[in-house]
Amino acid sequence: MPQPLKLEPVDPSAMVAQARLQSLVPVQAYDASIRTGLRYATPENVFKRVLYPSGFPAMAADATAQKLAAAQRTLKPHGLGLLVLDAYRPPEVQWQLFQMFRDDKYVADPRKKWSKHCYGRAVDVTLVDLSGKEQEMPSAFDDFTKQAAAAYAGQDRVVKRNLARLQQAMTSAGFSIYGDEWWHFNDLSDLAVLAGPPVFGRSLGLAVRQ
């Protein structure tokens, strides 16, 4: 399995240029108003570890970025928008995640298949208002419990409304819902790509530990 990434800062512009050769683009490529806040670029995640190097840009497959822009257009009339919590994830990081949490219900087991994140074909998103304030949702990001399910079983009307708006915007744009994680949406428009190898971080110029 791949070695972890070195966490040396990267030049976002250079990385985006390299990523375009792998058909990855910034998640904001088709709508600059989409917000980003990659949780694995900070220790503010369930693992309390920084897994992406400083400067690592939020990227997705070109077609997936177009779908994000379509979802953003659906949300804007409601005074809402998307905050991308994770998008393209290097396979080197996926292997680390699985080593820390060996439950492929929530973290894909690379020995069986790579996460769709590793192709830039999955995104983790939540809702924000126009000021960037996150809206109430069923659980925190990466809450590996039944509260994280996409089919909300609670009674909070605000949470129900927010989740319904997020899901409607994403599915109308062409994403599919992942039932165990309300924040996770897949772009299954090109299954042939998902049957092939993922985009390794080293192919984008990311250094790995030896």
Side-chain angles (χ1 to χ4, degrees), residues 16 19-20 22-41 56-90 94 106-108 113-143 148-152 157-196 198-199:
V16 166
R20 288 185 185 277
Q22 302 288 338
S23 300
L24 297 174
V25 301
V27 296
Q28 299 157 311
Y30 296 97
D31 192 324
S33 69
I34 294 172
R35 296 175 182 266
T36 64
L38 297 180
R39 291 293 192 259
Y40 299 137
F56 185 76
M59 300 180 291
D62 187 274
T64 307
Q66 292 185 50
K67 290 179 173 65
L68 283 172
Q72 185 82 342
R73 288 194 296 271
T74 298
L75 292 167
K76 282 182 179 179
H78 300 289
L80 298 168
L82 295 172
L83 170 64
V84 177
L85 305 171
D86 200 22
Y88 164 70
R89 179 186 304 156
Q94 182 65 32
Y106 297 105
V107 180
K113 64 177 180 179
W114 288 107
S115 167
K116 295 172 182 61
H117 281 290
C118 299
Y119 300 82
R121 298 278 176 166
V123 290
D124 296 336
V125 294
T126 190
L127 287 182
V128 292
D129 64 18
L130 296 183
S131 72
K133 180 181 178 181
E134 290 188 41
Q135 302 300 288
E136 292 183 60
M137 301 302 282
S139 73
F141 171 64
D142 270 0
D143 178 343
Y152 178 59
R157 292 182 180 179
V158 173
V159 170
K160 283 185 176 182
R161 180 195 66 201
N162 289 341
L163 183 59
R165 283 181 174 168
L166 177 63
Q167 291 177 341
Q168 191 278 327
M170 295 296 283
T171 57
S172 68
F175 289 96
S176 65
I177 295 170
Y178 179 61
D180 292 312
E181 297 174 345
W182 62 260
W183 57 83
H184 181 109
F185 295 88
N186 290 317
D187 174 8
L188 304 178
S189 59
D190 193 340
L191 295 178
V193 168
L194 295 173
V199 180

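Fair warning: this is a prediction, and the values are worked out from it, not measured in the lab.
A donor-acceptor distance shorter than 3.5 angstrom exists from the side chain of Q72 to the backbone of S33, with no hydrogens or angles considered. Within the 3.5 Å criterion, the main-chain N or O of G179 finds no donor-acceptor partner in the side chain of E181. Between the side chain of Y119 and the backbone N or O of G196, at least one donor-acceptor pair lies under 3.5 Å. No donor-acceptor pair closer than 3.5 Å links the side chain of H117 to the backbone N or O of Y88. Counting only distance, with no hydrogens or angles, the side chain of D124 and the backbone of L85 share no donor-acceptor pair below 3.5 Å. Side-chain atoms of E136 never come within 3.5 Å of backbone atoms of V159 as a donor-acceptor pair (strictly under, hydrogens ignored). In terms of modelled atom types and a separation under 3.5 Å, the side chain of Q167 and the main chain of A150 share a donor-acceptor contact.
Atom CH2 of residue W182 and atom OG1 of residue T126 lie 3.5 Å apart, to the nearest 0.5 angstrom. If you take OG1 on T36 and CE on M59, they are separated by 11.5 Å, rounding to the nearest 0.5 Å. Atom CG of L75 is separated from atom CZ of R165 by 9.0 Å, given to the nearest 0.5 angstrom. How far CG of L166 is from CG of L80: 9.5 Å, rounded to the nearest 0.5 Å. One distance of note links CD of Q168 with CG of L163; it measures 12.0 Å at 0.5 Å rounding. Rounded to the nearest 0.5 angstrom, K116 NZ and Q94 CD are separated by 11.0 Å.
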Practice prompt. Apply the test side-chain contact (heavy atoms from CB on, under 4.5 Å) to residues S23 and D62: give CA-CA distance (whole Å), side-chain angles for both, the deciding distance (0.1 Å), then the verdict.
Written response: CA-CA 6 Å; S23 300; D62 187 274; 5.6 Å; no
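At a threshold of 4.5 Å between non-hydrogen side-chain atoms, the residues M137 and W183 do not count as touching. Within the 4.5 Å cutoff, the side chain of R39 has no heavy atoms near those of the D86 side chain. Using a 4.5 Å heavy-atom cutoff, the side chains of M170 and V123 are in contact. Taking 4.5 Å as the limit, every side-chain heavy atom of L127 sits out of range of all side-chain heavy atoms of H78. For the pair V128 and E134, the minimum side-chain heavy-atom distance is below 4.5 Å. For the pair L188 and R121, the minimum side-chain heavy-atom distance is 4.5 Å or more.
The two residues S189 and K67 have their closest heavy-atom pair at OG-NZ, 3.5 Å. Between G37 and L83 the shortest heavy-atom distance is N-CD1, 3.7 Å. Shown here for L24 and A61, the closest heavy-atom pair between the two residues is CD2-N, 3.7 Å. Across all non-hydrogen atoms, the minimal contact from C118 to P198 is O-CB, 3.6 Å. When all heavy atoms of P138 and Y152 are compared, the closest pair comes out as CB-CD1, 3.8 Å. When all heavy atoms of T64 and G120 are compared, the pair lying nearest together is OG1-O, 3.4 Å.
Under the 3.5 Å distance criterion, with hydrogens and angles disregarded, a donor-acceptor pair is assigned to the side chains of D142 and Y40.
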